[in-house]
Asks: 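The structure's right below; bear with me while I get my questions together.
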Amino acid sequence: MRTIVLIVVCLIAFSCKQEKANVEEPSKMEEVMAIHDEVMPKMTTISKLVGELKPIADTAQAGSPYEIAMKDLQAAHKSMMDWMKGFGDRFDSEEILKGKALPEEKQRWLEEEEIKVKVMRDQVNSSIENAEKLLNK
């Protein structure tokens, strides 16, 4: 009886390890695209906040916090658009969407793009946070 229990326990433990081994870590491309996908919906928020800040900034003195916040939002939006264009120029849809293997040079580019997308994400988030704080949201 003990032998049967031991065999069952070993089989269960082995199958659990197999299941964990089959769970793949996301690829670097998937990680980069996940950051993009997290930030992209925030472009609507940026546009909305710019619309709210513009009338205030237009009547405030040059260099006012409202004008600065609006320009930061616009720069963050431009940063996203520039990043997407640059990324699209470096990688094709097969590489981005279907996981096509990357040559060594493109693997290095992907490392660069990961840094850029994280900087862009932080710029977007901080500009939104600052604008919302300024507008008491």
Asks: Can you find a heavy atom in the side chain of E129 that is under 4.5 Å from one in the side chain of E132?
Replies: no
Asks: Measuring from atom CG of N125 to atom CG of N130, what distance do you get when rounded to the nearest 0.5 angstrom?
Replies: 12.5 Å
Asks: One thing to verify: whether K28 and E31 come together as a salt bridge, which I'm taking to mean a side-chain N less than 4.0 angstrom from a carboxylate O.
Replies: yes
Asks: Do M80 and R121 touch side chain to side chain, with heavy atoms closer than 4.5 Å?
Replies: no
Asks: One thing to verify: whether E112 and R90 come together as a salt bridge, which I'm taking to mean a side-chain N less than 4.0 angstrom from a carboxylate O.
Replies: yes
Asks: Just verifying a value: how many Å separate S47 OG and E52 CD, rounded to the nearest 0.5 Å?
Replies: 11.5 Å
Asks: To the nearest 0.5 Å, how far apart are CD in E113 and NZ in K106?
Replies: 11.5 Å
Asks: For atom NZ of K116, is the number of surrounding heavy atoms from other residues, nucleotides or ligands below 6.0 Å larger than 12?
Replies: yes
Asks: Is there a path from V119 to M84 through hydrophobic residues (I, L, V, M, F, W, Y) whose side chains come within less than 4.5 Å of each other?
Replies: no
Asks: Going through the distances and angles, do M70 and Q74 end up as a side-chain contact (heavy atoms from CB on, under 4.5 Å)?
Replies: CA-CA 6 Å; M70 185 180 74; Q74 291 168 329; 4.1 Å; yes
Asks: Report the C-alpha distance between M120 and I35 in whole Å, list the side-chain angles of each, state the deciding distance to 0.1 Å, and finish with yes or no for side-chain contact (heavy atoms from CB on, under 4.5 Å).
Replies: CA-CA 10 Å; M120 181 269 298; I35 295 169; 5.6 Å; no
Asks: I'd like to know if the side chain of S126 reaches the main chain of D122, judged simply by a donor and an acceptor atom lying under 3.5 Å from each other, with no hydrogens or angles considered.
Replies: yes
Asks: Could you walk me through whether V39 and M43 pass the side-chain contact (heavy atoms from CB on, under 4.5 Å) test, one step at a time?
Replies: CA-CA 7 Å; V39 177; M43 296 301 102; 4.1 Å; yes
Asks: Is any side-chain N of the basic residue among K54 and D58 closer than 4.0 Å to the acidic one's carboxylate O?
Replies: yes
Asks: When P65 is tested against each of L53, I56, L134 for side-chain contact (heavy atoms from CB on, under 4.5 Å), which residue passes?
Replies: L134
Asks: Indicate if W109 and L97 have the same hydrophobic cluster label, given that clusters are the connected sets of ILVMFWY residues with side-chain heavy-atom separations under 4.5 angstrom.
Replies: yes
Asks: Which value, rounded to the nearest 0.5 Å, describes the distance between E114 atom CD and M29 atom CE?
Replies: 11.0 Å
Asks: Kindly compute the distance separating NE2 (H77) from CG (D82), expressed to the nearest 0.5 Å.
Replies: 10.5 Å
Asks: Is I68 reachable from Y66 through a run of I, L, V, M, F, W or Y residues, each pair having side-chain heavy atoms under 4.5 Å apart?
Replies: no
Asks: Angle between ring planes, F87 versus F91, binned at 30° and 60°: parallel, tilted or perpendicular?
Replies: tilted
Asks: Quick one: does E94's side chain have a donor or acceptor within less than 3.5 Å of a partner on K100's backbone?
Replies: no
Asks: Please answer whether the main-chain N or O of S27 pairs with a side-chain N or O of E30 as donor and acceptor at a distance below 3.5 Å.
Replies: yes
Asks: Supply the atom-to-atom distance I128 CD1 to Q123 CD, rounded to the nearest 0.5 angstrom.
Replies: 10.5 Å
Asks: Please find the pair of heavy atoms, one from A76 and one from S127, that lie closest to each other, and give the distance.
Replies: CB-OG, 3.5 Å
